[in-house]
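Worksheet: one structure, shown below.
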There are 2 protein chains.
Amino acid sequence: MTVRSEPAQHAGMRASNLALVLGEIARTGSVSRARVAAHTGLTKSSVSALVTDLISAGLVAESGPASTERGRPATALALAPAGAAGLGLEINVDYLAAVVTDLAGAPRYHHVVRRDNRDRGVDEVVADLIDVARTAAGSAAAQGLPLAGACVAVPGLAVDGTVVRAPNLEWPRVDLADSVGDAIGLEVVLENEANLAALGEMWFGGHQDDSAPLRDFVHVSGEIGIGGGIVIDGEVFRGAHAGAGELGHVVVAPGGPRCACGGHGCLERMAGQQEILARAQVATMADLTHACEAGDQAALDAVADAGRHLGVALASVLTLLDPAAIVLGGAFATLAPWLSAATSASIGHHTGATEPPPLLVSGLGSDAAVRGAAGTVVRRVIADPAAYLAQRPAGRVGPS
Amino acid sequence: MTVRSEPAQHAGMRASNLALVLGEIARTGSVSRARVAAHTGLTKSSVSALVTDLISAGLVAESGPASTERGRPATALALAPAGAAGLGLEINVDYLAAVVTDLAGAPRYHHVVRRDNRDRGVDEVVADLIDVARTAAGSAAAQGLPLAGACVAVPGLAVDGTVVRAPNLEWPRVDLADSVGDAIGLEVVLENEANLAALGEMWFGGHQDDSAPLRDFVHVSGEIGIGGGIVIDGEVFRGAHAGAGELGHVVVAPGGPRCACGGHGCLERMAGQQEILARAQVATMADLTHACEAGDQAALDAVADAGRHLGVALASVLTLLDPAAIVLGGAFATLAPWLSAATSASIGHHTGATEPPPLLVSGLGSDAAVRGAAGTVVRRVIADPAAYLAQRPAGRVGPS
DNA sequence: CACTTTAGTTCACGACTCGGACTATGTATC
DNA sequence: GATACATAGTCCGAGTCGTGAACTAAAGTG
């Protein structure tokens, strides 16, 4: 019928507090029960009981005594690395990738298969992805990491486990979640590559300051197309039909040339890889980088021009969304040395802001999306441990 | 330190369920306890207890028996009109306004004072606003409506009860919330006019379909400036520094003329009232409307051109935010007959979307912001009745 | 070695919701 | 019109879970 939040019951209260405690342990890395109590507002007794459950569920482990100034030393609590793990997969235009991440977010397996997937059949690519996934799952099992699920990054729009649109792969509708899920025996979730890259950057990009983690920003991922991921309060913003964040099709040249999307003057049409390469008169991104390093003027002009157009799009993003930062990822991260000055100048020219938010450069590059995919799985476990434990009857909660 | 959600406790559980029940009653207008139980997932016993509290707090009233098909007839529950009321105030460039709204959202008092506030001192305008507020509060008292608080719509940026920036009024920082709050003895909240207009439109605009209320949309309010309100999942989106939604300063003409905000080629610079009036060679908005009605070509061209520019900005909004609808408000609602065709065409030209979201026209016009301000107050009571009751010891909860 | 300080546990208590039994009050059936 | 049935709402015992104070544990300090 309509939006209707769940009733608050005892089980929900416990689930919520379980998540609160686990989240605090995850956030700090290592804390005592007493500090968790102080930080969360729960009493020591409640925290003790909750921690007991988390330990017996295998999600948390005591990691030895921790020295304190005075008084009895605390016992440090940390996420149990072998408590739960996430499998991240990625289908992209020119590669397949897999990552296994443990509960703490550390990558424990990473594999990339480079191959152009544009001219191959869907079934062929899916079979390859399943192969990659099986190998990754095998590695996880060998390391004693129980996979809590999988998440696949796709270069297109995914709704309810189905790839609805993948322009650069020219795929029809594909029920990817079901086919992959059946093959590897895990629950599989699909998500747009640009959104996952943004999350990966937030969790693993190293931009977060301990006092003020980056939770409101826009991530620009320049792969073959130009994607955008909007993160609001730590969560991806998807819009009413899961189509939000399409930075590549923001208008930067009203009345400009027609774009493949059907619009006119889109950013992707003016500053996409095809356009930059053509203007710089080189064949590949590697060539472009070399040309820029060599000081080739045509290459530098092409990149700076793309930077200017990007700045126009970002100026609109800043006025509309007021993010705390912008992160340049993918190809834009590689080109940042020759691009960001033009982009910053263009942003400054098109907004009146005296102090625009920082323009950061991704440290993960093309790995951001797979890392984000794997992180999504373990973050979900941390955000709702009760749901995870209920789902797998192997893990038993409660005493005796 | 960082984001940290509250621990779930018994009191919070009850507060949450109280809100759930009251929200269900507000949403449906009139329901029985049994239906509330079925819809919320709570048991009949819990609902009974919660409703008893709400009734004794004066927020809900039994509104007589309701016929059912078979079995014992239900007793209908409805919001008590005299349970709590909200005072909405608005300071704008050329008027002050006040509205009192009862719990159900019905306006019970409405007063507008037209006067140009640009060339007057801040203190003078604030004194006038306090006068207007006092008169409104008096009317509420005379009608037996207890005011739960007040909300002031300001044409600028408001942070923590202080007007930080009000470009069209040329105001310095003003502690409006405190001065008005002290004068009328109510808690006062400040909010941007464009955001409140969006909320007013959502709650009272009549766009909501019962099966699918409008909860994700962008509202364009064309007053002297051009404002935008972004509503995501029923709530205003403010961004990291409360500056989100500034539709007026989205770039629609890269490299265009300098705007008062410091940027170049902003929508407001290209399609603001000043620009339209100048191009149409008329003095006031009323003149412009008459000219359009009379078929004056210069006026029609000016409006259509503004519509085209608006379409460019909205195309970017659609690709970035993917809203379920766009609502034209303020002056754009008045001009809609001569503007919306150009806007729709421009949106179509600049996006590839085969089916862009509907372009709706506001039914509230300039009243949207005050109505929204008053609505904010009562909505907050409905969203968290426990907090409201705890705040005023007069209302006693619990039996005996 | 007593005193202080901090960490963590135990347990009686209270605040909830749940769920079934019970009462109230109407319509359908014969 | 008496009986069966269906639905609304109340009552009360049971279960769950956080609280808070008392208690035990384990260090450092004078």
Side-chain angles (χ1 to χ4, degrees), chain A residues 5-21 24-25 30-56 60 62-77 385-386 390 397-400, chain B residues 5-21 24-25 28 30-56 60 62-77 386 390 397-400:
Chain A
S5 70
E6 292 297 296
Q9 308 176 6
H10 288 120
M13 190 162 78
R14 185 153 194 91
S16 159
N17 285 335
L18 225 36
L20 189 66
V21 169
E24 185 67 17
I25 295 172
S30 173
V31 259
S32 66
R33 292 171 173 80
R35 290 189 80 85
V36 171
H39 279 55
T40 58
L42 290 162
T43 58
K44 287 191 299 174
S45 19
S46 301
V47 171
S48 269
L50 292 162
V51 166
T52 303
D53 275 12
L54 290 172
I55 288 178
S56 78
V60 166
E62 295 190 337
S63 57
S67 62
T68 41
E69 280 296 303
R70 284 190 299 274
R72 169 176 167 180
T75 45
L77 301 169
V397 200
S400 82
Chain B
S5 69
E6 291 299 296
Q9 307 174 3
H10 289 121
M13 191 163 76
R14 185 154 192 89
S16 160
N17 285 335
L18 226 36
L20 189 65
V21 169
E24 186 67 17
I25 295 172
T28 54
S30 173
V31 258
S32 65
R33 291 172 174 80
R35 290 187 81 85
V36 170
H39 279 54
T40 57
L42 291 162
T43 58
K44 287 192 298 174
S45 13
S46 301
V47 171
S48 269
L50 293 161
V51 165
T52 303
D53 275 11
L54 290 171
I55 289 178
S56 78
V60 166
E62 294 189 337
S63 58
S67 63
T68 41
E69 281 294 304
R70 283 191 297 274
R72 172 175 165 179
T75 45
L77 301 169
V397 200
S400 80

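Hydrogens, waters and symmetry mates play no part in the numbers below; they use all other heavy atoms, side chains included. Computed from a predicted structure; not experimentally measured. Chain A is the first sequence line, chain B the second, and so forth, proteins listed ahead of strands; every chain is numbered from 1.
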Problem set entry | Nearest-nucleotide comparison on DNA chain D, the residue closer to the 5′ end among B:R35 and A:H10 |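 Final value for this comparison: B:R35.
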Exercise. If each of A:P73 and A:A8 is mapped to the nucleotide of DNA chain C with the nearest heavy atom, which maps nearer the 5' terminus, i.e. the 5' end?
Worked result: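 Its nearest nucleotide lies further toward 5', so the answer is A:P73.
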Nearest-Å distance for atom pair [atom1]/[atom2], residues [X] and [N]:
X     : N      : atom1 : atom2 : value
A:R33 : D:dA25 : CZ    : P     : 16 Å
B:L50 : C:dA15 : CG    : C1'   : 13 Å
A:R14 : D:dT19 : CZ    : C1'   : 14 Å
A:M13 : C:dC18 : CE    : C1'   : 13 Å
B:L42 : D:dG9  : CG    : C1'   : 15 Å
B:L20 : C:dC16 : CG    : C1'   : 15 Å
A:D53 : D:dG18 : CG    : P     : 9 Å
B:Q9  : C:dT17 : CD    : P     : 14 Å

Taking 4.0 Å as the cut-off, does a side-chain nitrogen or oxygen of [X] come that near to OP1 or OP2 on [N]?
X     : N      : answer
A:T75 : C:dA7  : no
A:R70 : C:dT6  : yes
B:N17 : C:dT17 : yes

Exercise. Which part of the nucleic acid, if any, lies within contact of A:S32, taking any heavy atom under 4.0 Å across all strands shown: a base, the sugar-phosphate backbone alone, or nothing?
Worked result: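 Sugar-phosphate: the residue A:S32, judged by heavy atoms under 4.0 Å, touches backbone atoms but no base.
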For this session: Check every strand shown and say whether B:A49 touches a base, only sugar-phosphate, or nothing at a heavy-atom separation below 4.0 Å.
Result: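 Contact class for B:A49: none.
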Exercise. If you look at every heavy atom in A:A76 and A:S30, which pair is closest and at what distance?
Worked result: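 Heavy atoms of A:A76 and A:S30 come nearest at CB-OG, 3.5 Å.
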Exercise. What nucleotide, of D:dT19, C:dA7, C:dT17, holds the atom closest to the side chain of B:S46?
Worked result: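 Looking only at side-chain atoms, B:S46 lies closest to C:dT17.
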For this session: Could you tell me whether the side chain of B:S45 has a donor or acceptor atom within less than 3.5 Å of a complementary atom in the base of D:dG9?
Result: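 Looking at the base of D:dG9, it does not pair with any donor or acceptor on the side chain of B:S45 (distance under 3.5 Å).
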Exercise. Between the side-chain atoms of B:R72 and the base atoms of D:dA8, is any donor-acceptor pair under 3.5 Å?
Worked result: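 Such a pair is found, so the answer is yes.
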Distance check, rounded to the nearest 0.5 Å: [X] atom [atom1] versus [Y] atom [atom2]?
X     : Y     : atom1 : atom2 : value
B:T28 : B:H39 : OG1   : NE2   : 7.5 Å
B:D53 : B:N17 : CG    : CG    : 11.5 Å
A:R14 : A:S46 : CZ    : OG    : 8.0 Å

Exercise. Is there a side chain to side chain contact (heavy atoms under 4.5 Å, CB included) between A:V51 and A:V36 once you walk through the steps?
Worked result: CA-CA 10 Å; A:V51 166; A:V36 171; 5.8 Å; no
